[in-house]
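Single-structure report; data block below.
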Amino acid sequence: MNDMSKPDAANPRFISYRVDDGVAWIMLNRPEVSNSQNYRLLNELDEQFRRAVDDDAVKCIVLGGEGKHFSAGHDLGSPEKDKHMERDRKLLWPSHLDRPGAELQYVLEQDAYLGLCRRWQEIPKPTIAMVQGACIAGGLMLAWVCDLIIAADNAFFQDPVVRMGVPGVEYFAHAFELPPRVARELLLLGERMPVERAYQLGMVNRIVPKDELRQEVERIAKDLGSRPAFGVTLTKQAINLVENLRGKHSAMDSQFHMHHLAHAHNQLVSGHLVSGLDAKAMAKANKGEG
Ligand code: ZN
């Protein structure tokens with residue numbers, strides 16, 4: 001894309017898209033800020049998923065991140081972080097702008113976080129998260145919606161937002177991805193979980209040496225893409241169904257309201273959606289310095 005052209009579905013700004021031999025490679029492309037996510041990136045991601053779904057030549061979708069890290073989470077501190085502005089809405093929630101009180105953030109996050117993640121989990125083609133380095137908070141949301149998580153040996157996973165007075169990220173899959181005791185630890189202590197532990201607990205499918213990650217993901221993606229496509233779609237639906245019968249959908253709905261009680265409480269007490277740490281202090285705490 002040249003600098004003069006406006007980003008659109010064919011020329012995304014924060015995402016790169018490539019199809020190679022039946023595999024769509026959808027890459028978060030903000031390595032200078034560790035692929036932190038603003039709403040424009042998430043909308044572009046949704047558009048690129050749509051592009052991959054619509055292309056019959058695509059048999060498997062890989063979601064990765066350019067640079068050292070998969071994703072450091074929602075963008076809290078970069079110059080391109082979200083400001084109070086209109087965004088393209090992907091679901092049928094109204095605009096959040098000028099909504100009073102707690103409604104503003106609730107409407108926004110129903111669409112941009114919970115709604116988009118749920119819809120991505122239901123993509124009818126197989127998806128693989130290719131994770132290296134940091135996979136933090138909002139980064140977990142993107143990895144968790146994929147069917148498989150293939151991780152480099154330097155990957156780590158963390159949800160530190162309890163330190164900001166919020167009970168975990170908006171897509172509350174923690175206690176479905178991990179045993180409840182470990183989910184408590186992940187949230188309450190907010191520490192980095194090394195990839196070896198995530199693998200032992202079944203949250204990660206494979207650990208691959210960092211330099212071999214793309215190659216191994218490509219091999220698995222092509223293998224997945226060679227299976228009967230409709231059978232794969234139905235298998236995805238079957239697993240999603242089992243998770244929902246175990247209460248995933250309703251647990252997430254309930255937790256989403258706790259998440260927004262926390263945002264509203266923080267607003268009342270401090271005037272901010274999150275309490276305690278600002279972006280800089282959070283980054284420091286994330287590195288174990290705070
Ligand atoms: Zn939130």
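Counting convention: from 1, in listed order, for ligands and their atoms alike. All of these numbers come straight from a predicted model, not from anything done at the bench.
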Between atom CZ of Phe70 and atom CZ of Phe157, what is the distance when rounded to the nearest 0.5 Å?
8.5 Å
Of all the N, O or S atoms in His259, the one nearest to the Zn ion (ligand 1) is NE2
How wide is the angle at the Zn ion (ligand 1) spanned by His263 NE2 and Glu109 OE1, rounded to 10 degrees?
110°
Are Tyr106 and His96 close enough that their ring centers fall under 6.0 Å?
no
Side chain to side chain, Glu86 and Arg89, heavy atoms closer than 4.5 Å:
yes
Strictly under 2.8 Å, is the Zn ion (ligand 1) approached by any N, O or S atom of His260?
no
Restricting Glu170 to its N/O/S atoms, the closest one to the Zn ion (ligand 1) is OE2
Taking the side chain as every heavy atom from C-beta outward, state whether Lys59 and Lys125 have any pair of such atoms under 4.5 Å apart.
no
